[in-house]
Amino acid sequence: MGTPAKSLRLASVYGLSLLIIFIVPLFLWQSTTAKTVAAVDWFDVTTEGALFILGMCWLMVIVSVRPSGRVTNLLIAGLSSYCLGCYLDLLDEIFIVKTIPVYNWFEKMPTPVGLLVLTCGLWLWRDEQTVVNRQLQTREQFHREHQLTDGLTLLNDAKAFEHHLIKQLSQNQAFGLIMLDIDNFHQYNQNQGVEEGDRLLSQLALWLSSTLRNQDLVCRYAGDRFIILLRGAIPPLVSVMAEQIQQGIGAFGCSASVVWALPSPKVLPLQTHKAHAKEEAATLLQFLNQKMSQQKECRSPAATQAQACDTQNPSTLSELN
């Protein structure tokens with residue numbers, strides 16, 4: 001999600017919160033009377049006020065750090081309703097609201113509804129985090145063994161990916177490769193700032209990790225370029241995943257060039273097994289980088305053969321096998 005959208009969402013939550021904080025007491029001031037200082041239970045005011053402030057803090061944290069999506073919307077809605085319930089309970093300690101039947105009914109609804117919605121959001125967040133944790137465990141294990149992790153995205157780096165690719169080639173099993181490169185990322189850094197560019201890369205890394213299957217591997221290959229290893233892949237899966245990834249990146253306010261390949265499994269000579277796997281890995285990576293360069297040229301504003309360029313991304317690498 002881009003910075004303008006996040007800033008708008010944050011401003012909307014702040015604005016609506018301030019509106020409720022000022023409008024509801026004003027309504028009660030006009031419709032009923034306030035309790036005397038001696039009649040106010042200040043302990044209840046303190047505890048309910050603390051719950052309201054804590055709830056608002058949780059809400060602002062969720063709004064500021066979570067990407068857009070169904071889980072985020074449920075968390076925001078649930079916390080907002082809960083905060084409203086705490087605030088209405090707080091006002092009940094200050095004003096005599098028994099004379100307003102509608103208010104008495106309205107006061108009891110936000111807290112249970114908010115907790116119900118919040119529970120649904122937390123449950124979905126748990127499912128989401130389970131997938132992310134699986135990816136993190138794979139990264140942490142490899143980091144302990146090889147210390148080849150990108151510091152920004154916490155993904156494996158290019159050297160780590162080459163290690164996995166050589167290992168995959170040595171197993172003579174089917175797999176697919178997807179490479180993606182963010183379009184005009186240099187211009188994005190200039191317009192939004194390097195810090196926002198780094199945040200975009202981190203969000204993309206997290207999204208890719210949660211989107212892929214557990215057995216797949218995503219790495220930050222270089223700069224704004226990522227590469228994905230799909231184990232046990234078939235042509236329809238690779239092509240569909242590449243298309244879904246290219247479309248999904250649009251939700252982050254950017255676009256990406258995507259190329260993919262489906263190398264045919266080989267039986268490598270036992271005597272020079274590792275050497276052949278290294279050569280094959282280097283050939284595959286060189287092929288993908290060349291295809292990516294062609295794709296980037298085709299997607300540039302100066303390209304005159306845009307329609308023809310779309311047919312240059314092969315589904316297999318038969319010419320390399």
Leu116, Met109: one ILVMFWY side-chain cluster at the under-4.5 Å cut-off?
no
Rounded at 0.5 Å granularity, tell me how far OG1 in Thr111 sits from CG in Asp89.
5.0 Å
Test side chain to side chain contact (heavy atoms under 4.5 Å, CB included) applied to Lys278 and Leu169, step by step:
CA-CA 9 Å; Lys278 285 185 177 181; Leu169 287 166; over 6 Å; no
So which heavy atom on Val117 is nearest to which on Gly78, and how close?
CG1-N, 3.7 Å
CZ on Arg225 to CG on Leu288, rounded to 0.5 Å:
9.5 Å
Heavy-atom distance under 4.5 Å between the side chains of Leu180 and Ser257, does that happen here?
no
Is any side-chain heavy atom of Trp125 closer than 4.5 Å to a side-chain heavy atom of Leu75?
yes
Can you confirm whether the side chains of His164 and Gln168 place a donor and an acceptor under 3.5 Å from each other?
no
Using a 3.5 Å distance criterion without hydrogens, assess whether the side chain of Ser170 forms a donor-acceptor pair with backbone atoms of Ile166.
yes
To the nearest 0.5 Å, atom CG of Leu206 lies from atom CD of Gln203 at 8.5 Å
Nearest heavy-atom approach of Ser209 to Val218 is OG-CG1, 3.8 Å
Decide side chain to side chain contact (heavy atoms under 4.5 Å, CB included) for Val61 and Met56; before the verdict, give the C-alpha distance in whole Å, the side-chain angles of both, and the deciding distance to 0.1 Å.
CA-CA 9 Å; Val61 169; Met56 289 298 297; over 6 Å; no
Could you state whether Leu59 and Leu54 fall into the same hydrophobic cluster, counting links through intermediate Ile, Leu, Val, Met, Phe, Trp or Tyr residues with side-chain heavy atoms under 4.5 angstrom apart?
yes
Minimum heavy-atom separation for Ile62 and Leu79, please, with both atom names.
CG1-CD1, 3.9 Å
Does any N or O in the side chain of Asn184 come within less than 3.5 Å of the main-chain N or O of Gln187, such that one atom is a donor and the other an acceptor?
no
side-chain contact (heavy atoms from CB on, under 4.5 Å) with Val259: which of Lys296, Lys291, Gln294?
Lys291
Short side-chain donor-acceptor distance under 3.5 Å, Asp181 and Tyr221:
no
List, by chain and then residue number, the residues other than Tyr82 in its hydrophobic cluster (Ile/Leu/Val/Met/Phe/Trp/Tyr, side-chain heavy atoms under 4.5 Å); write none if there are no others.
Leu51, Leu115
Report the distance from atom CG of Leu74 to atom CG of Leu122, rounding to the nearest 0.5 Å.
9.5 Å
Going by side-chain contact (heavy atoms from CB on, under 4.5 Å), Ile228 matches just one of Val258, Ile245, Thr211. Which one?
Ile245
Sequence neighbours excluded, which residues qualify as side chain to side chain contact (heavy atoms under 4.5 Å, CB included) partners of Cys219?
Asn156, Phe161, Leu217, Ile227
dist Leu152:CG -> Arg199:CZ (nearest 0.5 Å) comes out at 10.5 Å
Hey, are Lys159 and Glu162 close enough for a salt bridge, meaning a charged N less than 4.0 Å from a carboxylate O?
no
Could you check whether any side-chain N or O of Gln246 sits under 3.5 Å from a backbone N or O of Ala256, counting only pairs where one atom can act as donor and the other as acceptor?
yes
As a quick check of understanding, evaluate side chain to side chain contact (heavy atoms under 4.5 Å, CB included) for Arg220 and Leu201, giving each step before the final call.
CA-CA 9 Å; Arg220 186 187 182 190; Leu201 293 177; 3.4 Å; yes
Considering residues at least two apart in sequence or located in another chain, which fulfil the side chain to side chain contact (heavy atoms under 4.5 Å, CB included) criterion with Cys254?
Ile182, Leu200, Ile249, Phe252
Side chain of Thr47, backbone of Asp44: donor and acceptor closer than 3.5 Å?
yes
The reported gap from CG in Asp41 to CD in Glu48 (rounded to nearest 0.5 angstrom) is 8.5 Å
Between Pro110 and Gly85 the two heavy atoms that sit nearest each other are CB-N, 3.6 Å
Option passing side-chain contact (heavy atoms from CB on, under 4.5 Å) with Phe175 (candidates Leu262, Leu230, Leu165):
Leu165
Do the side chains of Trp42 and Val45 get nearer than 4.5 Å, heavy atoms only?
yes
Could you tell me whether a side-chain N or O of Asp216 sits under 3.5 Å from a main-chain N or O of Leu212, the two making a donor and an acceptor?
no
In short, Gly197 meets Phe185 closest at the heavy-atom pair O-CZ, 3.6 Å
What closest approach, in Å, do Pro263 and Gly176 show between heavy atoms, and which atom pair accounts for it?
CD-CA, 4.5 Å
